[in-house]
Each structure stands twice: as C-alpha cells, then as structure tokens.
Amino acid sequence: MSDLALTADPGRLTELIKSAAQHLGFTLVGFCPAIQPAGVTRLSEWLARGYAGEMDYLASRSAAYEHPRHVLDGVRSIVMLSLPYSAAPAQLPASGQGRISRYAWTGADYHDVIHDKLKRLVTLFLDSAPTARARGVVDTAPLLEREFAQLAGLGWVGKNTLLINKPAGSYFFLAALLTDAALVYDEPFSADHCGACRACLDACPTQAFVQPYVLDASRCISYLTIEHKSPIPHELRPGIGEWLFGCDVCQDVCPWNHKAADAERSKSTPPPMNLLDLIALFELGDDAFRQRFRHTPLWRPKRRGILRNAAIVLGNQRAAAAIPALTHALSDVEPLIRGASAWALGQIGGQEALAALTTRRNSEFEASVIEEIVLAIQIAQAACSQSSPR
Ligand code: SF4
C-alpha cells in the first residue's frame with residue numbers, strides 16, 4: 001500500500017471521487033470498507049444447491065469472492081456506483097416479435113460504456129492521489145457487488161435478489177472502484193422495505209424464486225436466454241413467453257420501480273427499442289449476425305443462443321407465419337437451433353409444420369435433435385387429430 005494513499009486526506013479524496021463520479025453520470029455513489037463479505041457463506045450454499053446452472057465460472061473462482069483483496073491487492077476502500085438504464089414502459093410484442101431486457105435497449109455493451117467511465121474516474125482520482133492504487137470493475141470481477149452496495153448505503157437487497165434504492169428503484173447497473181486509499185465511509189443500509197410484498201415472487205413466469213431472497217438461476221429466464229448454452233428444458237419453455245433476451249418481470253412488478261417508470265412516462269421520449277423481428281433473425285448467417293450484434297449485449301449468447309430463443313418465442317406465439325423460417329432452420333448447422341426449431345414447429349402444428357418435421361426426421365443424424373423432432377411430431381399430430389372433424 002502506498003504511503004500517500006494512507007496519508008492523503010480521506011475526506012477530501014471521498015468528496016473528489018463523489019463529485020467526479022456524479023459528473024460522469026453515476027447517479028448513486030457510496031463508500032464502504034473493503035472487508036470480508038458475510039454473503040460468501042450464502043454464495044457457497046447457493047452454488048452447492050446447483051442454482052448457478054451452467055455458470056461453472058462462479059464455482060471455479062468462488063474462493064476469490066472471500067475478500068476484495070483478490071480483485072485489488074491491498075484494497076482498503078470500495079466505492080459503489082450505479083448507472084441507470086431505461087425505466088420507460090416497454091412496448092408489447094406482436095406475433096413474430098421478441099422482447100429484449102431493458103438494460104440492453106440502447107444496443108450498447110454496458111461493459112464498454114461503464115469501463116470507459118470507470119477509466120476516467122480512476123484517472124481523475126489518481127491525479128489527486130498519484131501514489132494510490134485503484135481499479136474499476138463491472139460485473140466480471142469476483143466481487144459481491146450487491147452486498148457492498150448495501151454496505152455503502154445505496155439500498156437493500158430485495159426479495160427479487162436485486163439492489164433496490166428507495167427513490168431510484170432497481171433499474172440500474174452496479175459498478176465498483178477499489179482503492180488502497182483510506183476514504184470516509186457511508187452508513188450501511190440496514191432497513192428492508194420489501195415488507196409483506198411478494199409481487200416479484202408471484203410474477204416470475206418460471207417460478208425461479210425458491211424462497212424470498214433466493215433465486216434458482218437455473219430456472220431464471222435471464223439465465224436461460226443468455227448464459228445457458230444447452231437446450232432449454234422443455235418444462236421451462238412455455239414460461240419463456242416472448243423473451244428473446246433476458247427478462248424484466250421481477251423488476252417491472254416491483255412497486256419501487258413504479259415511480260421511476262412514471263417519471264419516464266411523463267417525458268416525451270421515443271418508444272424504446274425493446275422488440276426484435278424474430279423471422280428476420282433466421283436470415284442472418286454467422287457473418288451477418290456478427291456484424292449486427294458484435295458490439296451489443298446480444299452477442300453473449302451468440303447466434304446459436306439467440307436463434308434457439310427466437311424459435312422458442314415463435315413456438316410460444318404459435319406463429320404460423322414463421323413456419324418457412326423454422327423449416328429452413330431445421331437444416332441449420334447448429335443442432336441447438338435445429339432442436340429448438342423442431343419444438344417450435346410442433347407447438348405451431350398444422351399440416352405444413354408436420355410435413356417439414358417428417359421430412360427432416362428422415363435425414364437428421366443428431367440423437368438429441370431426433371428426440372426433439374419425434375416429440376414435436378407427436379404434439380403436432382395430437383393437435384391435428386383433436387381439431388379434425390369427426
Ligand atoms: Fe421486494 Fe415487492 Fe420489489 Fe419483490 S416486488 S423486490 S418483494 S418490493
């Protein structure tokens with residue numbers, strides 16, 4: 001740890017960081033000591049119960065969450081920051097359209113946006129404390145961000161497991177600046193304003209909350225449509241509804257977000273970019289997909305994940321207009337896309353979908369996709385026999 005970082009006036013440094021952060025657009029700024037977070041034990045239990053799904057990277061670096069020194073050696077203080085995203089009312093999708101989670105509405109990769117701001121904040125800070133050390137992180141470092149945000153007085157962790165701030169709700173990203181400098185700390189936020197409310201728990205379409213404050217991520221639509229690499233379990237597909245990428249349900253129903261949404265509604269802003277035309281997505285090959293989405297959050301699940309999700313949404317919508325696109329996707333190079341498209345055709349049903357499935361059944365070679373096709377044929381045949389005149 002640097003001498004100057006230890007001796008620089010903590011009050012002056014704290015004020016400097018606060019005003020620079022606000023100037024950069026961080027709306028909430030709080031300060032806390034870099035201590036061992038109590039939530040590490042909960043994290044271990046959560047991982048042991050398998051709630052992380054396929055996010056193996058969480059378990060593989062779980063020891064690093066034990067102390068923020070694993071993010072910055074010699075760290076003494078953490079500055080917790082929030083950057084808001086749109087609280088505007090979402091447009092509802094028509095058949096053939098899929099919904100995008102509000103944090104991705106701008107199309108910008110928030111890691112890039114926030115890293116750029118954090119870099120500028122670190123530079124400004126180091127101008128005043130040149131021998132201090134500082135590191136800005138967002139999302140990717142092993143840091144229990146919500147717990148440190150609560151310690152820094154920014155709000156409480158709600159039953160939906162997100163950080164909630166009374167005036168701001170929860171429509172914001174969290175970021176952190178770690179430093180070996182001493183700072184003046186805020187009072188931890190000790191109240192829980194969820195009270196008797198359980199709107200988020202009841203509204204979750206896939207029943208992902210096993211109890212208040214505990215999310216089984218392996219059932220969460222955000223996880224399933226973004227992080228999950230394999231076929232989405234059959235029993236969860238109907239719950240995906242019209243979500244192509246992420247989900248906002250547990251935030252949209254939260255009363256603490258209604259004030260932010262009302263404020264946004266009163267502005268004459270253009271409608272949000274929260275919908276995508278799903279059939280058009282099937283026309284994008286690898287290169288075209290990369291060109292369109294490489295620098296957006298939708299790049300994370302890649303083309304295979306997005307088209308898997310698109311097929312599931314089209315199946316949930318029983319979108320007959322999508323039959324040609326889904327039929328074409330039965331020959332896609334990715335088994336994940338072929339399997340999801342088969343499922344969607346089975347849900348849509350009808351003679352055209354059934355013919356496409358039967359034809360593909362004769363040439364499909366991947367066992368998992370054959371299973372999907374056989375099941376889809378059964379579902380489509382059952383629907384046909386129920387609707388045929390006696
Ligand atoms: Fe808490 Fe209700 Fe918001 Fe859920 S919806 S986080 S229970 S206030």
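As a basis for the values below, the full set of heavy atoms in this structure was taken, side chains included, without hydrogen atoms, waters or symmetry mates. Atoms within each ligand, like the ligands themselves, are counted from 1 in listed order. We number each residue from 1, following the sequence as shown.
- Looking at Asn165 and Tyr171, their side chains never bring a donor and an acceptor atom within 3.5 Å of each other.
- Annotation: cation-pi pair Arg99/Phe245 absent, no NZ/CZ under 6.0 Å from the ring centroid and within 45° of its normal.
- For Arg49, there are no salt bridge (Lys or Arg N to Asp or Glu O under 4.0 Å) partners, not counting sequence neighbours.
- Distances shorter than 2.8 Å separate atom 4 (Fe) of ligand 1 from the protein N/O/S atoms Cys200 SG.
- Smallest separation of non-hydrogen atoms from Leu13 and Ala129: CD2-CB, 3.8 Å.
- Counting heavy atoms under 4.0 Å from ligand 1, residue Leu162 does not touch it at all.
- With Phe365 as the aromatic partner, Arg338 meets the cation-pi criteria of under 6.0 angstrom to the ring centre and within 45 degrees of the ring axis.
- Ranking protein heavy atoms by distance to atom 8 (S) of ligand 1, first place goes to Trp256 CD1, 3.6 Å.
- A salt bridge is absent between Asp73 and Arg69: the closest approach of a Lys/Arg side-chain nitrogen to an acidic carboxylate oxygen does not fall below 4.0 angstrom.
- Of all the atoms in ligand 1, the ones that sit under 4.0 Å from a non-hydrogen atom of Ile164 are 6 (S).
- The ring of Tyr103 has its center closer than 6.0 angstrom to the ring center of Tyr110.
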